[in-house]
There are 2 protein chains.
Amino acid sequence: MMKGVERLPAPQRKPPARLSRGTLTREVIVEAALRVLDGGQVNGLTFARLGKELGASPTAVYRHFSSRGDILTAVADELIRIAIDGYQPSDSWQDSLRDLAYRAWRAFEQHSAAAMHTFYRVTLGPNEIRVVDAILEAIHQAGWRGQEAVFKYQMYSNLVLALSGRNAAMLAAADEAGVTPGSFWTQEYMPTNPAEFPYLWEHRDDLRLKDNFAVYQGQVEALLAAMRASLPAVS
Amino acid sequence: MMKGVERLPAPQRKPPARLSRGTLTREVIVEAALRVLDGGQVNGLTFARLGKELGASPTAVYRHFSSRGDILTAVADELIRIAIDGYQPSDSWQDSLRDLAYRAWRAFEQHSAAAMHTFYRVTLGPNEIRVVDAILEAIHQAGWRGQEAVFKYQMYSNLVLALSGRNAAMLAAADEAGVTPGSFWTQEYMPTNPAEFPYLWEHRDDLRLKDNFAVYQGQVEALLAAMRASLPAVS
DNA sequence: ACCTGAACACCGTTCAAGT
DNA sequence: ACCTGAACACCGTTCAAGT
């Protein structure tokens, strides 16, 4: 305690280094929040962790966001940016919609905790505006106009966000529990009388096999087929 | 302070009334948890509130559930029970799947906060078993068998849970913010240069009109149409 | 065997004080 | 104008103590 050794090389111990003026911005905070959410804990986005990630006092963030929910809404828009970064519309409206659908799936899967907390939010942010315009462009290209176009837009975007979002939520939750996502549907599921649930019993083995992306592809194709079937007559 | 009036009618002030032995069960706790979640706060399910709702010490619940997440998984199964209560399979497999799809939508909408926290959970509970068997029954009735039947099952149940769940999450979040769910998509959304986002600009008025259930119906019908189109040949 | 109460580490948010 | 630190009410979970 009194050896004084600590004083020898005068180790330039900086005081906690108060952050200089402009270092904290909404962009910097959102990126840090995304890193924290990617850190593995489903509910890992706390002000304490965010402050540490930024090298700032936890409460400094309140100068730029009004609440935790406000941060998450900005993260939602950032996630859209990641998803559509580099997107180019195709000559085929269907390929455009496929591309956007798979981009959402992949971005949500890569940032599953962030997606879980944001996929039901309307961000009103610049990237949401961009992707809404891009989807409407494809739908316009297919031939729909007015309310009919908006209805198709809603069916499509709603489907993509809901399916990609739930997949992300399941991944994030399984991650937290340290469980392989497909490891439900094992025997535990089947301790019952075979005669009581005959259909479950019949498919007890196949229920384990899951390729969630293949299922998603099937769902997207089902919607596209229905859209093709109700295409407006070419004028 | 010293008036002593309080003592006059000897008001039978019971001591906090320690709960008698068997009053707390998993069923009683799950029902109380659902009431708390229906109470209006999106993240309202706390042990403190749950204890108050039960008239018990908050920590008593730990004798019956291992964690907050464990309670929510049980709530998920209860929500399935509410959804399928009274379900009878139809002669038409498509009507059976429509019925189950709308039941999920309504149950999730009526218990939106509960649905928001549970719709991505695998419960392995008795009611999940029941509904999986019911869906497989309809798919069996349509003619699918084996892995193909399971793939259709996954497309269907996944779609229903994701769409009903995201709708519930949006309702619960809007509820919390005191916002009418459709009140996004107003002018705030459009402060931009019309030329930059032409399709968004063209549909700026229609984007406000939303009938989420009509959209859901369209999505369910799209999947059913795709299923009809890939029906196995009758042997 | 089941319920209670105190305790612990943590969390979102507010606000007066620093620079 | 922006960041910090102390403070407040709350939260999930543990565990020794009651009955």
Side-chain angles (χ1 to χ4, degrees), chain A residues 13-33 36-37 39-75 113-114 116-118 121 173 176-178, chain B residues 13-33 36-37 39-75 113-114 116-118 121 173 176-178:
Chain A
R13 187 72 51 91
K14 300 173 195 168
R18 187 188 181 91
L19 237 50
S20 57
R21 283 300 188 97
T23 42
L24 244 45
T25 64
R26 285 179 68 96
E27 286 74 26
V28 167
I29 293 168
V30 166
E31 282 163 28
V36 170
L37 282 163
Q41 293 219 53
V42 180
N43 294 311
L45 183 61
T46 68
F47 281 87
R49 260 188 280 261
L50 187 51
K52 186 174 286 183
E53 179 73 30
L54 288 162
S57 161
T59 61
V61 173
Y62 277 98
R63 190 68 42 176
H64 304 271
F65 292 93
S66 67
S67 69
R68 187 173 172 279
D70 195 17
I71 302 172
L72 282 169
T73 297
V75 169
M116 171 175 184
H117 293 292
T118 62
R121 289 171 193 263
E176 181 85 338
Chain B
R13 187 73 49 92
K14 302 173 196 169
R18 189 188 179 90
L19 238 49
S20 57
R21 283 299 187 99
T23 41
L24 246 43
T25 64
R26 284 179 69 95
E27 286 73 27
V28 167
I29 293 170
V30 166
E31 282 163 27
V36 170
L37 282 163
Q41 293 218 54
V42 179
N43 294 312
L45 183 61
T46 67
F47 281 87
R49 260 189 279 264
L50 187 51
K52 186 174 285 183
E53 178 73 29
L54 287 162
S57 162
T59 60
V61 173
Y62 278 96
R63 191 66 43 174
H64 305 272
F65 293 93
S66 68
S67 69
R68 187 173 172 279
D70 194 19
I71 302 172
L72 283 169
T73 297
V75 169
M116 171 176 185
H117 294 292
T118 60
R121 290 169 193 264
E176 180 86 337

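Letters A, B, ... are given to chains in the order of the sequence lines, protein chains preceding strands, and every chain is numbered from 1. Model, not experiment: these values are computed from the prediction.
Minimum heavy-atom separation, B:N43 to B:H117: OD1-CE1, 3.1 Å. B:L50 approaches B:A33 most closely through the heavy-atom pair CD1-N, 3.6 Å. A:L37 and A:A113 make their closest contact through O-CB, 3.4 Å (heavy atoms, listed as atom of the first residue, atom of the second, distance).
Screening residues 47-74 of chain B for ring-ring contact (aromatic ring centres under 6.0 Å, His included), with sequence neighbours left out, gives B:F47-B:Y62. Listed by first then second residue, pairs satisfying side-chain hydrogen bond (donor to acceptor under 3.5 Å, both in side chains) with a partner in residues 45-56 of chain B read B:R35-B:E53, not counting sequence neighbours.
Among residues two or more places apart in sequence or in another chain, the side-chain contact (heavy atoms from CB on, under 4.5 Å) test is passed with B:S57 by B:T59.
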Toss me the dot-bracket line for DNA chain C: Watson-Crick and G-U wobble, both under 3.5 Å, 5' to 3', using | for pairs to another strand and [ ] for crossers.
||.|||||...|||||.||
Can you give me every donor-acceptor pair (side chain of residues 67-74 of chain A, partner residue at least two apart or in another chain, under 3.5 Å) with its distance?
| from | atom 1 | to | atom 2 | distance (Å) |
| --- | --- | --- | --- | --- |
| A:S67 | OG | A:G69 | N | 3.4 |
| A:S67 | OG | A:D70 | N | 3.2 |
| A:R68 | NE | A:L45 | O | 3.0 |
| A:D70 | OD2 | A:S66 | N | 3.0 |
| A:D70 | OD2 | A:S66 | OG | 3.4 |
| A:T73 | OG1 | A:G69 | O | 3.1 |

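Of all the residues in residues 40-53 of chain A, not one reaches under 4.0 Å from DNA chain D with any non-hydrogen atom.
The distance between atom CZ of B:F65 and atom C1' of D:dT14, rounded to the nearest whole Å, is 19 Å. Taking atom CZ of B:R26 as the reference point, atom C1' of C:dA1 lies 17 Å away to the nearest angstrom. When the C1' atom of C:dC11 is taken as reference, atom CG of A:L72 falls 14 Å away, rounded to whole Å. Atom CG of B:L54 and atom P of C:dC2 are 16 Å apart (whole Å).
The CD1 atom of B:I29 lies 6.0 Å from the CG atom of B:L54; values are rounded to the nearest 0.5 Å.
Among the heavy atoms of the strands lying under 4.0 Å from A:R68 are primed sugar atoms or P, OP1, OP2 only; no base atom is included.
Comparing B:S67 and B:R63 against DNA chain D, the residue whose closest nucleotide sits nearer the 5' end is B:S67.
Taking only side-chain nitrogens and oxygens, B:H64 comes nearer than 4.0 Å to OP1 or OP2 of C:dC3.
You'll find that the side chain of B:S57 is closest to C:dG5, out of C:dC2, C:dG5, D:dC2. Of the candidates C:dT13, C:dT4, D:dC3, the closest approach to any side-chain atom of A:L24 belongs to D:dC3. Here the nucleotide nearest the side chain of A:Y62, chosen from C:dT4, C:dT14, C:dC3, is C:dT14.
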